[in-house]
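This report refers to the structure that appears directly beneath it.
Both backbone and side-chain heavy atoms feed into the values below; hydrogens, waters and symmetry mates do not.
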Amino acid sequence: MTTIDTATGLEAPAELSEQRVKSIFTEIADQYEKFNHYSSFGQDRRWLRTLAQSVDIGPCSCVLDVAGGTGEVTFELCKRHGPAIIVLSDYTPAMLEVAKQRIARGDNRGVCVKTCVVDAQDIPFDDATFDVVTMAYGIRNIPDRMRALREMHRVLAPGGTVAILEFSTPPFAPARAFYNAYLRWGIPAWGDHFTGKRDDFVYLADSIRAFPDQQCFAAMLRNAGFQDVKFRNLAFGAACIHTARACE
Ligand SMILES: C[S@@+](CC[C@H](N)C(=O)[O-])C[C@H]1O[C@@H](n2cnc3c(N)ncnc32)[C@H](O)[C@@H]1O
């Protein structure tokens, strides 16, 4: 099994990325949503809406939000669809603590939302448990991405949908150059402003630059067993939503 350093994409022991990511998201959990909102110039809300619209969810659907963090995707799904249940899972307990405060404030709008600490590379649910699996800005942080994708495929019911929102590569060269400059200087500056942890955000920017582009990630989804793999670029390809179905 090949694991990588998620900051560079080069082969490395899984613990390197796992420990770093847990420490970063523990440190920034309380400021994470504010950072996301300002650093994306408010686009985060639009992208979440688009992600929620890209999945078919009914009142009986069971949904798994992987690397769900503070619950941004989960609560958007509660607002737009009202499924029967959402399991909001994440590797970092501090992120889920923020999600629990949001549940206490009623952001789940009456939907049953269960939180649990889960490593996406080893999902503790039976095969074919969920109708929909979502993940936003999570897969980039995982050292064995193929294993996580196979796990997501395994827990989906046959024909179930996965929807993954992730930063990506603008195909148009001038947009790519602008975006790379923003990653280099803008993201660490915003991170420093909100949390005082500039280095954590240098990592986030590095991990975005090292992440496979749209076509490569689509190929990874097919290799993990998914079919009907599609993607939709957002903001000139700075971010992208991939959708696919589990084999019937
Ligand atoms: C950038 S945040 C995204 C949170 C949320 N999905 C959102 O849209 O705001 C990335 C999340 O991935 C989680 N994560 C990192 N590695 C993980 C793993 N191996 N399994 C599950 N979650 C992981 C982190 O704890 C963090 O909460």
Side-chain angles (χ1 to χ4, degrees), residues 24-25 27-55 57 65-82 86 88 90 92 94-99 101-103 105-109 111 113 134-141 163-172 174-198 200-209 211 213-214 217 231-243:
I24 288 176
F25 286 102
E27 282 182 344
I28 69 173
D30 288 335
Q31 300 303 322
Y32 168 77
E33 291 180 4
K34 211 185 281 177
F35 161 79
N36 242 7
H37 188 61
Y38 285 95
S39 66
S40 70
F41 301 103
Q43 293 301 300
D44 59 328
R45 305 249 54 96
R46 210 154 64 86
W47 296 351
L48 278 176
R49 267 201 307 278
T50 311
L51 180 70
Q53 284 159 0
S54 70
V55 287
I57 293 178
D65 187 14
V66 182
T70 60
E72 292 279 64
V73 174
T74 290
F75 299 125
E76 186 68 23
L77 295 179
C78 293
K79 187 160 136 193
R80 312 242 150 231
H81 296 290
I86 304 183
L88 165 52
D90 197 273
T92 308
M95 293 291 273
L96 291 175
E97 285 307 314
V98 177
Q101 291 162 19
R102 292 189 60 178
I103 293 170
R105 289 203 303 268
D107 286 3
N108 55 322
R109 295 166 190 254
V111 174
V113 173
T134 56
M135 189 186 224
Y137 316 116
I139 192 72
R140 179 172 40 87
N141 293 297
I164 299 178
L165 167 60
E166 190 49 90
F167 294 108
S168 199
T169 310
F172 182 51
R176 198 163 57 243
F178 175 79
Y179 184 51
N180 280 333
Y182 183 63
L183 290 178
R184 192 179 184 89
W185 291 290
I187 291 293
W190 278 116
D192 194 23
H193 175 71
F194 283 114
T195 69
K197 309 273 180 198
R198 187 184 179 84
D200 292 355
F201 293 86
V202 170
Y203 159 74
L204 287 182
D206 286 346
S207 69
I208 293 171
R209 275 197 298 267
F211 190 69
D213 68 14
Q214 292 84 334
F217 189 62
F231 65 81
R232 172 177 176 177
N233 282 331
L234 305 165
F236 302 101
C240 182
I241 294 173
H242 281 81
T243 54

Task: Considering all heavy atoms, the nearest A163-L51 contact - done: CB-CD1, 3.8 Å
Open item on the list: Once rounded to the nearest 0.5 Å, what's the spacing between atom CZ of F167 and atom CG of L234?
Closed with: 10.5 Å
Open item on the list: Run the side-chain contact (heavy atoms from CB on, under 4.5 Å) test on I208 and Y179 for me, step by step, so that the C-alpha distance in whole Å, both residues' side-chain angles and the decisive distance to 0.1 Å come before the verdict.
Closed with: CA-CA 11 Å; I208 293 171; Y179 184 51; 3.4 Å; yes
Open item on the list: Just verifying a value: how many Å separate K197 NZ and L204 CG, rounded to the nearest 0.5 Å?
Closed with: 13.5 Å
TODO: Identify the two heavy atoms, one from I187 and one from S39, that lie closest to each other, and give their separation to 0.1 Å.
DONE: CD1-CB, 4.1 Å
Open item on the list: Parallel, tilted or perpendicular: which one describes the rings of H242 and F231, with boundaries at 30° and 60°?
Closed with: tilted
Open item on the list: Is it the case that atom CZ in R176 sees more than 12 heavy atoms from other parts of the structure closer than 6.0 Å?
Closed with: yes
Open item on the list: Nearest 0.5 Å, please: how far is CD1 in I57 from OG1 in T134?
Closed with: 7.0 Å
- [ ] For F194 and F201, run ring pair (Phe, Tyr, Trp, His ring centres under 6.0 Å): C-alpha distance rounded to whole Å, both residues' side-chain angles, the deciding distance at 0.1 Å, then the answer.
- [x] CA-CA 11 Å; F194 283 114; F201 293 86; 8.9 Å; no
Open item on the list: If you take the centroid of each ring, where Trp contributes its six-membered ring, are Y137 and Y32 closer together than 6.0 Å?
Closed with: no
Open item on the list: Under the criterion side-chain contact (heavy atoms from CB on, under 4.5 Å), I'd like the reasoning laid out for L183 against R209: C-alpha separation, chi angles, the key distance, then a yes or no.
Closed with: CA-CA 8 Å; L183 290 178; R209 275 197 298 267; 3.7 Å; yes
Task: Nearest heavy atoms of V111 and G82, plus distance in Å - done: CG2-CA, 3.8 Å
Task: Minimum heavy-atom distance G138-A67, with the two atoms named - done: CA-CB, 3.8 Å
- [ ] Indicate yes or no: at least one non-hydrogen side-chain atom of W47 is less than 4.5 angstrom from one of L165.
- [x] yes
TODO: Hey, could you give me the CZ/CG distance between F25 and D90, rounded to the nearest 0.5 Å?
DONE: 8.0 Å
Task: Residue list, side-chain hydrogen bond (donor to acceptor under 3.5 Å, both in side chains) with H37, at least two apart or on another chain - done: D44
Atom pairs and distances, donor-acceptor, side-chain atoms in residues 71-79, under 3.5 Å, two or more places apart:
{"from": "E72", "atom 1": "OE1", "to": "R102", "atom 2": "NH1", "distance (Å)": "2.9"}
{"from": "T74", "atom 1": "OG1", "to": "D65", "atom 2": "OD2", "distance (Å)": "2.8"}
{"from": "E76", "atom 1": "OE2", "to": "R80", "atom 2": "NE", "distance (Å)": "2.6"}
{"from": "E76", "atom 1": "OE2", "to": "R80", "atom 2": "NH2", "distance (Å)": "3.3"}

Task: N233 side chain vs F236 backbone, donor-acceptor pair below 3.5 Å - done: no
Open item on the list: Could you report the tightest heavy-atom contact between P171 and G237, atom names first, then the distance?
Closed with: CD-CA, 4.3 Å
Open item on the list: Applying side-chain hydrogen bond (donor to acceptor under 3.5 Å, both in side chains), can you list everything that pairs with S207, at least two apart in sequence or on another chain?
Closed with: R140
Task: Aromatic ring pairing H193/W190, orientation class (parallel under 30°, perpendicular over 60°, tilted between) - done: perpendicular
Task: Pair T195-Q31, side-chain donor/acceptor within less than 3.5 Å - done: no
- [ ] Could you grab the distance from atom OG1 of T70 to atom CG of N36, nearest 0.5 Å is fine?
- [x] 8.0 Å
Task: Closest non-hydrogen atom pair between I28 and D200, with its separation - done: CG2-OD2, 3.8 Å
Task: Backbone N/O of T169 and side chain of Q214: donor-acceptor pair under 3.5 Å - done: yes
Open item on the list: Using 30° and 60° as the class boundaries, would you call the ring planes of F211 and F217 parallel, tilted or perpendicular?
Closed with: tilted
Task: From I241 atom CD1 to S168 atom OG, the distance as rounded to the nearest 0.5 Å - done: 11.5 Å
